[in-house]
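Below is one structure, written out as structure tokens, with a few remarks after it.
When a ligand or atom number is given, it counts from 1 through the structure's own listing order. Just so we're clear, the structure is a prediction, and the values are computed from it rather than from any experiment.
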Amino acid sequence: MCNSKQYVNLPFILNSMIKATNIHKYYTDLHVLNGVNLNIQQGEIVSIVGASGAGKTTLLHILGTLDRASSKDQSALLINDVDIMALSDKNLAKFRNEHIGFIFQFHQLLPEFTALENVCLPAFIKKTPKDKAEKRAKELLDFLGLSHRHHHKPGELSGGEQQRVAVARALINNPELIFADEPSGNLDSESAENLHNLFFKLRDQFGQTFVIVTHNEELADMADRKLVMVDGKIV
Ligand SMILES: Nc1ncnc2c1ncn2[C@@H]1O[C@H](COP(=O)(O)OP(=O)(O)O)[C@@H](O)[C@H]1O
Ligand SMILES: [Mg+2]
């Protein structure tokens, strides 16, 4: 495998991908995020670990623009130099569709659709023509070792295969930034290792930035940087 540490030291990728300042989140009285500050460079793979309930998923959803931070003085979230907090819901959805990919613990594939159709969905939302979306989806599925599974539905795939379909779906619009929440939490150890190696292969080939919440110590330690969350803060 490529030397990831060496890769992130290349000067051309030292742009800031995420700059989060004083991020808070309240659920009514519950103060779940308590002033998170975070800088992530383009091309970095950053892992986030911490006890259950520490706020990891909440943070990932806010960084990933699926949820909004509670407003506080001096709070700011810049992704690729875009002021995320200033975007309308409509522009936020467009930004997310074009720039961000998600991989969840439970793949969240639609059971009635084939692997190919599931992968194409974000491209269709982006209004990519069908033939172009399908060509790209097939390339990705082939790249991920699923060339013989294009027309299988999720229920006809193994856990590792389902998760690779979810990775292809996350990649279809060529996002610069990928968020993964316990991506291997539901996989056997061999599939988990393959998935983890895949993240590094993708970063080395395409330069994507990864933010990965995980309980898997090996994956957490493989990352360029491991962040620890305790009680809604990065310590
Ligand atoms: N939608 C919600 N409404 C109320 N409380 C929530 C909601 N989502 C998460 N929480 C609470 O916020 C805290 C942090 O949750 P979460 O971010 O999921 O933690 P982690 O991913 O680290 O396990 C937990 O106490 C959880 O119960
Ligand atoms: Mg969580």
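- Looking at Asn22 and His24, their side chains do bring a donor and an acceptor atom within 3.5 Å of each other.
- Atom-to-atom distance recorded for Met222:CE and Ile212:CD1 is 8.5 Å, nearest 0.5 angstrom.
- In this structure, atom 20 (P) of ligand 1 has a protein heavy-atom contact shorter than 4.0 Å.
- Ligand 1 has a nitrogen or oxygen under 3.5 angstrom from a nitrogen or oxygen of Ala54.
- With Glu176 as reference, Asn80 is the one residue of Asn80, Asn15, Thr209 to meet the side chain to side chain donor-acceptor pair (under 3.5 Å) rule.
- Note on ligand 1: Ala51 sits in its first shell, one or more heavy atoms being nearer than 4.0 Å.
- With no hydrogens or angles considered, a side-chain donor-acceptor pair links Glu182 and His215 at under 3.5 Å.
- Between atom CG of residue Asp188 and atom OG of residue Ser158 there is a gap of 8.0 Å, rounded to the nearest 0.5 Å.
- Atoms of the protein (N, O or S only) found under 2.8 Å from the Mg ion (ligand 2) are Thr57 OG1.
- The distance from atom NE2 of His99 to atom CE of Met17, rounded to the nearest 0.5 Å, is 9.5 Å.
- Phe104 and His61 have perpendicular rings, their planes meeting at more than 60° on a 0 to 90° scale where under 30° would count as parallel.
- Here CD1 of Ile103 is found 5.5 Å from CD1 of Ile178. Values are rounded to the nearest 0.5 Å.
- Atom 26 (C) of ligand 1 lies below 4.0 Å from none of the non-hydrogen atoms of the protein.
- Using a 4.0 Å cut-off to heavy atoms of Thr58, the atoms of ligand 1 that qualify are 15 (O), 16 (P), 17 (O).
- Of all atoms in ligand 1, numbered sequentially from 1 with element shown, those under 4.0 Å from a heavy atom of Ser52 are 23 (O).
- Of the residues Asn173, Asp131, Asn174, the one that meets the side chain to side chain donor-acceptor pair (under 3.5 Å) test with Arg136 is Asn174.
- The shortest N or O to N or O distance between Val32 and ligand 1 is not below 3.5 Å.
- The protein heavy-atom contact nearest to atom 5 (N) of ligand 1 is Tyr27 CD1, 3.4 Å.
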